[in-house]
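Reviewing the structure listed below.
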Amino acid sequence: MSVEYNPKYMQHFYNPVWESFEDGYWEGIKQRKLVFQKCGECETFSHPPRVMCPNCKAQNWVWVESSGKGRVYSWTVLRQEVHPAFRVPFEVVLIEMDNEEGVRIVSNMVDCNPDEIDFDMPVELCFKEVTEEWALPFFKKVE
Amino acid sequence: MTLRNKACVVGIGSTEFTRNAGRSEIHLAVDAITAACDDAGLEINQIDGMSSYGTAGIYAAEMAPDIDVARSMGIPNLKYMGQTPWGGGASCGTVAHAAMAVSSGVANYVVCYRSLKPASGTVRYGRPTAIPAEYRYSYYMPFGFASPTSWVAMFAKRWMHETGATREQLGQVALVQRENALRNPRAMFYGRPLTIEEYMFSPVASDPFTLHDTCLENDGSVALIVTTPERAMELKQKPAFVSGVGWGTSYDAHSMTSYYRKNIGLPECIEAGKDVFKMAQMTPKDIDVAQLYDAFTATVPMQLEAYGFCEYGEGGAFCEGGDRIRLGGELPVNTSGGQLSEAYIHGMNLIAEGVRQIRGTSTSQVDNAKNVLVTGGLGVPTSALILTKGD
């Protein structure tokens, strides 16, 4: 399952803030596209975004749409309530993307029992609305 | 030119560790610093530097700021002030800053302190009330990924998968530290034994971590006084020499969510470890007892690997059965009970315990302990210290 939200606390947890060098990522999310930084010089990927390519030091990022395919690199199932905004239990997954070298992203699963999750389990991207304004990138099992 | 043995810890002081201190962080800091001055045989007014830290991030909350503490104690002047960033990763860094300050003559007596009251205060660690207006959290909070326990669980689960470390092995860390706390009347868990059955059947917080894998939540303050070896001669205590210091961020460092490196691990500890051993002119074999930052059980075996006490993948086995890490074993760890069983003072109590081992006054004293490794929090930029009896 993905985390269930208590609408009472929506505005506290679901409105992202970002730095100017991350505009491309969040503009992509607004359009329901998962994009990652790829260096226009040396093709290094970076996520979360940063100002300069860590490899060649260029500031020539291209925002590349992800294929959305990945595998579970690690995960944890939260069973103790941290805040009433998030109803336990739910899982948080760390997905390693298949086609963007070195890119991992934190998310939740959709339509998946926490007990089904395993290392290297193939997953794919799906967007889901969390507020009226925002849909966020989640993942589901590849059937 | 080296910092090796140019400074020493000459005083340690602490408040009680409690669920409700009934006074503010500033008041707690004043009480711990007063106790440290008494311990050292130093007049309060001789303090002329302060080195402290708060929580991690741009909203780093230092609830006992240096000038407020100094004013409350009537300290006439601070010639040195230092804040080390990134929460518990800063603990040993405060002593490194103090050592640099006193050895360079910028100040004479620098107090390092941490004061916190997450048990009864308004800021409860791991219980966020909103997305901090800080860009990094936008990648985590909307997914309910909002507590240090879950952030470190993500590392630990992958590490257990890669190395085959088991929950029983993590349980031995909790049990050994509890044994140490049972000898330490200051400890929150003094008089409260823990069995492997209780550990194994404890409710899961964020797997693989249960209640007994996570540190205490308490109020309290710990302070240390750092000065030069020359000045130390005039004071009451046998000095604990700062023989090595090390810091590390490694590459692609985040605040507790460094999940994007080729291999998740603790490269910041590997970097800090290289420098702390090099400065001290030692290897891990020279260390008699270690105080390893233990906000969570798994970070102890992970640090045994990162600091070179064993190879990657052997940390779990190192803790198997607990014999190698308990008093009398090859590397006793967290002899006060650590942050799992003594108190959570963001690592400052681990440094105080390191000093006690050098003095020979620990409640779980390692025979003839000469060299102690103390480490700061991890998963964040970190720091490490080697304390010794001197040359």
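Here is how names work: the chains are called A, B, and so on, in the same order as the sequence lines, proteins then strands, and each is numbered from 1.
- For residues 261-269 of chain B, the interface with chain A (any heavy-atom pair closer than 4.5 Å) comprises R261(B), K262(B), N263(B), I264(B), sorted by residue number.
- Checked against the 6.0 Å centroid threshold, F86(A) and F143(B) do not count as a close aromatic pair.
- Using a 4.5 Å cut-off between heavy atoms, E96(A) does not touch chain B at all.
- Relative ring orientation between F145(B) and W151(B) is described as perpendicular, the plane-to-plane angle rising above 60° on a 0-90° scale split at 30° and 60°.
- Comparing W26(A), Y73(A), W18(A) by how many heavy-atom pairs each has under 4.5 Å with chain B, the most go to Y73(A).
- F21(A) touches chain B through its side chain: at least one heavy atom from C-beta onward sits under 4.5 Å away, while N, CA, C and O do not.
- Considering every non-hydrogen atom in both H212(B) and A174(B), the closest pair reads O-CB, 3.6 Å.
- Ranking P84(A), P48(A), G102(A) against chain B, the residue ahead of the rest is P48(A), based on heavy-atom pairs under 4.5 Å.
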Item to check | Audit row: R71(A), D98(A), salt bridge (charged side-chain N to carboxylate O under 4.0 Å, His left out) steps and yes/no | outcome: CA-CA 7 Å; R71(A) 281 157 205 281; D98(A) 283 346; 3.4 Å; yes
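- Ring pair F296(B)/F209(B): centre-to-centre distance below 6.0 Å.
- In this structure, the portion of V93(A) lying under 4.5 Å from any heavy atom of chain B is its backbone and not its side chain.
- E100(A) and S66(A) share a side-chain donor-acceptor pair at under 3.5 Å.
- The interface of residues 192-202 of chain B with chain A, defined by heavy-atom distances below 4.5 Å, is empty.
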Item to check | Stepwise ring-ring contact (aromatic ring centres under 6.0 Å, His included) check, Y53(B) with H346(B) | outcome: CA-CA 9 Å; Y53(B) 57 114; H346(B) 244 164; 5.7 Å; yes
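- Among all heavy-atom pairs drawn from Y293(B) and G88(B), the shortest one is OH-CA, 3.5 Å.
- Between atom CG of residue L116(B) and atom CG of residue N218(B) there is a gap of 7.0 Å, rounded to the nearest 0.5 Å.
- Between Y260(B) and Y139(B), the distance from one ring center to the other does not fall under 6.0 angstrom.
- Contacts of L94(A) with chain B are made by both backbone and side-chain atoms, with heavy-atom separations under 4.5 Å.
- Figure legend: K157(B) and W75(A) shown as a cation-pi pair, the cationic atom lying under 6.0 angstrom from the six-membered ring centre and within 45 degrees of its axis.
- Atom CG of residue D213(B) and atom CG of residue D294(B) lie 11.5 Å apart, to the nearest 0.5 angstrom.
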